[in-house]
Amino acid sequence: MAFPRNQKLNLLRLTVLLIVALAGIKFIFRDSVSLDLHKHISKDNDFWGKAGEEKEEAKPDSQAQELSAVKIMGPKEETKKQLSKDFSTTEMEMRLVHLDLKGAAPKVSYLEQVFPLLSKLGANGILVEYEDMFPFKGELETLKSPYAYSEDDVERIQQLAALNKLEVVPLVQTFGHVEFILKHDKYRYLREVERFPNSLNPHVPDTLSLLKSVLSQVMDKHRHSAWIHIGADEVFHLGEGMDSKNWISRNNGDVGKMYLNHIKEVVNFLVSQYKGLQVLMWDDMLRKISVGAIQESGIPKHASPVLWFYAPDFDTEQLGKFISKYADSGFKSVWFASAFKGTTGPAQAWTPLNYHLKNHLSWLKVIQAMSKFPLIKFQGIALTGWQRYDHYSVLCELLPVGIPSLAMCLQTLVNGGFTEATKKKILDMLGFQNIQLEKSTCDGNGAFPGSEVYRMVEQINSQLKESIAKVLEEESAIKGWFSPYHRKHQFGNPRNLENFGSKVLKVHEDWENFLQNFRSQLESIYFPDTVEEWMEENVNPDMDRLREFVRDYREIIRLNAKPKTL
């Protein structure tokens, strides 16, 4: 049946209106999504530098989003490089987990397993101290470790962080602790004191040029980072070099002002090149510098001090004085730094739980008392997990060994204390039955990434040396019939050797089988250099003693009681 002409026109008008309405809805929805993805959050971090605001795009935080869709792409080169997000007005307190990569850098496949756990435990960021694990290129390629991450690895780390709602904050040392640079002959001339590779000479023009190159390469691979940490702690021997002595003499200056001048140059470079970037920096060098000198430097406009104390019961009164000083100096925000591992001895293999828990309970008191300092805002805390005391020291506790401590520390901060309810959450998340604080052990096998390594390191730490000493030193037959003299001159009576031989061989076989499995577990997480170093430092000193004993035993027992060699 045909419609009358007026009805056809009305139907046509209605159809057009519906199309226009649908297009409008789609346009509005698109704009609202765009605003959500590109809205600017602002955050005032003060530390040495000049004033400037940060603006960065919000990272996608959907767990369901494909990694390919989260690909970290930097903007085109501009005079000022726009960052992804600006945090200057956010009320969110940051909890960064420190990844110290100057030792035992995990494979990215392990980080893929760990990042979801960090997020679940209450972290919302990672502080990545690359050192020689960054894929430096061009003139800086000398700085790379043979096992350095590739550019794809660095991008992948950021993808994984984004999927797990973790902000990525790169840490680049720019004054002290630059052994990974100054150990190379190519850069030896930039040392403050020629003998020591710790600190840069701030008076050589090439120093700043080098740092600009290093910082640019790192930041150009971290365009979505709102912060950068420039280290600048423990600038050992500063002022002892001849150039520094001459500067102090000519300028009627002091080491503090000389220090501030260098940091100001670094900060000014960063904030001029990366719009909205906020700078973090360890505070220890600032503690003895006057308020006036800090104000005059202009650094508080762009940077924030990170107060670090790692002891269980530090002086909170003294800490309050530092916070007041930084507020008076013009800093508008302050960060803190605790430790979940790596601060109880340069060769520490097992993490003391109660020590680090008490450190975080102390920090919690400081955080809860920040209302006493209305002129300065608490921005966040970095839970440091040092892997070496410096670039030349041995390894501290491996990351899987420190995860129970990290879980306790993070959950204590999140829940405002370490209660029975908090403890139960931690046990459930880690797959343990109980935590023995004073003994620094956990009951049960554990069910977290690296829990096998955790358990096996515990066995090595508590049993290896003791079991070998027991079988080799407490057996009287060994002392009487297989002394160092017997072994040196290769003689012995098989009748007597067999009295202890089976026991020694069994201990040797059991440990070799155990260590073969342990090595496989380590290799699934770490690169070969870490595996070899850890075994050399923590296993071989005891196992080599046992291996040499077994080798001599087998050689001598085959001689069937021959006379001793001369």
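For clarity, every value in this text was computed on a predicted model and none was experimentally measured.
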What closest approach, in Å, do [X] and [Y] show between heavy atoms, and which atom pair accounts for it?
X: His222; Y: Tyr130; answer: NE2-OH, 2.8 Å
X: Thr351; Y: Gly402; answer: OG1-CA, 3.7 Å
X: Asn164; Y: Ser119; answer: O-OG, 3.0 Å
X: Ile525; Y: Pro400; answer: CD1-CG, 4.0 Å
X: Phe340; Y: His360; answer: N-CE1, 4.2 Å
X: Ile376; Y: Met370; answer: O-CE, 3.9 Å

Next on the checklist: Tell me if the centroids of the rings in Phe134 and Tyr149 come within less than 6.0 Å of each other.
Outcome noted: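 Aromatic pair excluded; centres sit 6.0 Å or further apart.
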Checklist entry - Between Phe378 and Phe336, is the ring centre distance below 6.0 Å? => result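 Phe378 vs Phe336: aromatic centres under 6.0 Å.
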Give a yes or no on whether the backbone of [Y] and the side-chain of [X] come within a donor-acceptor separation of less than 3.5 Å.
X: Ser216; Y: Ser213; answer: no
X: Gln387; Y: Cys396; answer: yes
X: Asp283; Y: Leu286; answer: no
X: Ser524; Y: Gln521; answer: yes
X: Lys107; Y: Glu523; answer: yes
X: Thr207; Y: Pro202; answer: no
X: His98; Y: Leu383; answer: no
X: Asn359; Y: Ala311; answer: yes
X: Lys341; Y: Gln348; answer: no
X: Ser324; Y: Lys321; answer: no

Next on the checklist: Does anything in residues 233-244 form a side chain to side chain donor-acceptor pair (under 3.5 Å)? List the pairs, not counting sequence neighbours.
Outcome noted: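 Every pair satisfying side chain to side chain donor-acceptor pair (under 3.5 Å) with a residue in residues 233-244: Gln173-Asp233, His177-Glu234, Glu192-Ser244, Asn201-Asp243, His203-Ser244, His237-Glu240.
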Report yes if the side chains of [X] and [Y] come closer than 4.5 Å at any heavy-atom pair, otherwise no.
X: Val539; Y: Ile460; answer: yes
X: Trp386; Y: Lys102; answer: yes
X: Tyr259; Y: Phe175; answer: yes
X: Val97; Y: Leu406; answer: yes
X: Arg519; Y: Glu532; answer: yes
X: Val266; Y: His262; answer: yes
X: Val169; Y: Ser225; answer: no
X: Val214; Y: Val172; answer: yes

Next on the checklist: ring pair (Phe, Tyr, Trp, His ring centres under 6.0 Å), that's the test. Do Trp350 and Tyr454 meet it? Break it down for me.
Outcome noted: CA-CA 9 Å; Trp350 193 250; Tyr454 172 85; 4.8 Å; yes
Checklist entry - Which residues satisfy the salt bridge (Lys or Arg N to Asp or Glu O under 4.0 Å) test with Asp284, sequence neighbours excluded? => result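 With neighbours one apart ignored, the set is empty.
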Spatial distance of atom [atom1] ([X]) from atom [atom2] ([Y]) [nearest 0.5 Å]:
X: Trp534; Y: Leu395; atom1: CH2; atom2: CG; answer: 9.5 Å
X: Asp220; Y: Glu151; atom1: CG; atom2: CD; answer: 10.5 Å
X: Leu96; Y: Trp335; atom1: CG; atom2: CH2; answer: 4.5 Å
X: Asn268; Y: Leu208; atom1: CG; atom2: CG; answer: 10.0 Å
X: Thr343; Y: Glu397; atom1: OG1; atom2: CD; answer: 7.5 Å
X: Tyr392; Y: Glu179; atom1: OH; atom2: CD; answer: 7.0 Å

Next on the checklist: For the residue pair Gln158 / Lys221, report whether a side-chain donor-acceptor contact shorter than 3.5 Å exists.
Outcome noted: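 No pair is found: no donor N or O on one side chain lies under 3.5 Å from an acceptor on the other.
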Item to check | Donor-acceptor pair between His391 and Lys183 side chains, under 3.5 angstrom | outcome: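 Distance-only check passes for His391 and Lys183.
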Throw together a table of side-chain donor-acceptor distances under 3.5 angstrom for residues 139-148, partners on residues two or more places apart or in other chains.
residue, atom, partner, partner atom, Å
Glu139, OE1, Lys186, NZ, 3.2
Ser145, OG, Tyr147, N, 3.0

Item to check | Pairwise salt bridge (Lys or Arg N to Asp or Glu O under 4.0 Å) hits with a residue in residues 194-211, at least two apart | outcome: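 Found Arg188-Glu194.
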Item to check | Stepwise side-chain contact (heavy atoms from CB on, under 4.5 Å) check, Tyr526 with Val453 | outcome: CA-CA 11 Å; Tyr526 293 111; Val453 168; 5.6 Å; no
Next on the checklist: For Arg156, is there an ion pair with Glu112 - N to carboxylate O distance below 4.0 angstrom?
Outcome noted: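 Arg156 and Glu112: salt-bridged.
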Next on the checklist: So, using side chain to side chain donor-acceptor pair (under 3.5 Å) as the criterion, who are the partners of Gln113 when residues are at least two apart?
Outcome noted: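 Testing Gln113 for side chain to side chain donor-acceptor pair (under 3.5 Å), a comparison that skips the adjacent residues, returns none.
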Item to check | Partner residues of Ser393 under the side chain to side chain contact (heavy atoms under 4.5 Å, CB included) criterion, sequence neighbours left out | outcome: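 Arg388, Tyr389, Asp390.
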Next on the checklist: Apply side-chain contact (heavy atoms from CB on, under 4.5 Å) to residues Met258 and Leu238 and explain how you reach the verdict.
Outcome noted: CA-CA 9 Å; Met258 187 170 66; Leu238 182 62; 3.9 Å; yes
Next on the checklist: Could you go through Ser150 and Asp153, starting from their C-alpha distance and side-chain angles, then the distance that decides it, and tell me whether this counts as side-chain hydrogen bond (donor to acceptor under 3.5 Å, both in side chains)?
Outcome noted: CA-CA 5 Å; Ser150 67; Asp153 289 335; 3.2 Å; yes
Item to check | Pair Gln295-Ser329, side-chain hydrogen bond (donor to acceptor under 3.5 Å, both in side chains): steps then yes or no | outcome: CA-CA 5 Å; Gln295 288 175 335; Ser329 298; 5.8 Å; no
Next on the checklist: Check the orientation of Trp363 and Phe314. Use parallel for under 30°, tilted for 30 to 60°, and perpendicular for over 60°.
Outcome noted: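 Rings of Trp363 and Phe314: tilted, 30 to 60°.
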Checklist entry - Can you say whether the rings of Phe322 and Tyr326 are parallel (under 30°), tilted (30 to 60°) or perpendicular (over 60°)? => result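 Answer is parallel, since the angle falls under 30°.
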Next on the checklist: For Ile228, run the side-chain contact (heavy atoms from CB on, under 4.5 Å) check against Leu277, Thr174, Val271 and tell me which one passes.
Outcome noted: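 Result for side-chain contact (heavy atoms from CB on, under 4.5 Å) with Ile228: Leu277.
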Checklist entry - Which is it for Ile403 and Leu117 under the side-chain contact (heavy atoms from CB on, under 4.5 Å) test, yes or no, and what are the steps along the way? => result CA-CA 10 Å; Ile403 282 181; Leu117 176 62; 4.0 Å; yes
Next on the checklist: Let's go through Ile248 and Val255 carefully: what are the C-alpha distance in whole Å and the side-chain angles of both, what is the deciding distance for side-chain contact (heavy atoms from CB on, under 4.5 Å) to 0.1 Å, and is it a yes or a no?
Outcome noted: CA-CA 7 Å; Ile248 291 171; Val255 173; 3.9 Å; yes
Item to check | Lys NZ or Arg CZ of Arg287 over Trp308 ring: under 6.0 Å, within 45° | outcome: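 Ring-cation test returns yes.
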